[in-house]
Amino acid sequence: AEVTITKMTEEGRFLTVTTVDGRELHLRAAGDVDFEGIKDRSELKIGMRLKASYLEPAGGNAPLGSDITTLQLEGK
């Protein structure tokens, strides 16, 4: 999904993002995220546009956020 970061907590471990169609998602960047175009989550900033791949829970409920598998900086 193409997203824009709107909120970050715990040094970027937990992200609130908005998709291009206006949906708000809560994502979690655990230790096994494949970062493309940035070194690690310390370089994430509010307003940054990214392509995010993430795992959606089977039940549709992820209290801590859906786990991110890949974050790619837009334009990279």
#### Entry: Rounded distance [0.5 Å steps], CG in L50 versus OG1 in T70
11.5 Å

### Message
Under a 3.5 Å distance rule, please check whether T4 uses its side chain to pair with a backbone N or O of G47 as donor and acceptor.
### Response
no

## Note on the structure
When rounded to the nearest 0.5 Å, the distance separating OH of Y54 from CG of D67 is 12.0 Å

### Query
Is the closest side-chain heavy-atom distance between S66 and L55 below 4.5 Å?
no

### Query
Would you say the side-chain atoms of T18 pair up with the backbone N or O of G22, donor to acceptor, closer than 3.5 Å?
no

### Summary
Only residue of R13, E10, M8 satisfying side-chain contact (heavy atoms from CB on, under 4.5 Å) with R41 is R13

### Task
Can you measure from CD1 (I68) to CZ (F14) and round to the nearest 0.5 angstrom?
10.5 Å

### Task
List the atom of R28, the atom of G65, and the distance in Å for their closest heavy-atom pair.
CB-O, 4.1 Å

### Task
List the atom of L44, the atom of G12, and the distance in Å for their closest heavy-atom pair.
CD1-O, 4.2 Å

#### Entry: Taking every non-hydrogen atom, the tightest pair across T6 and I46
O-CG2, 3.9 Å

### CG on L71 to CG on L27, rounded to 0.5 Å
7.5 Å

### Residue pair L25 / T19, side-chain heavy-atom distance below 4.5 Å
yes

### Query
Is the number of heavy atoms from other residues, nucleotides or ligands under 6.0 Å of E43 CD greater than 12?
yes

### Task
Could you walk me through whether E24 and T16 pass the side-chain contact (heavy atoms from CB on, under 4.5 Å) test, one step at a time?
CA-CA 7 Å; E24 183 175 270; T16 301; 3.6 Å; yes

### Query
What's the spacing between D40 CG and E11 CD if we round to 0.5 Å?
11.0 Å

### Summary
What one should report as the nearest heavy-atom pair of R49 and L73 is O-CD1, 4.0 Å

### Message
I need the K51 NZ to Q72 CD distance, nearest 0.5 Å.
### Response
5.5 Å

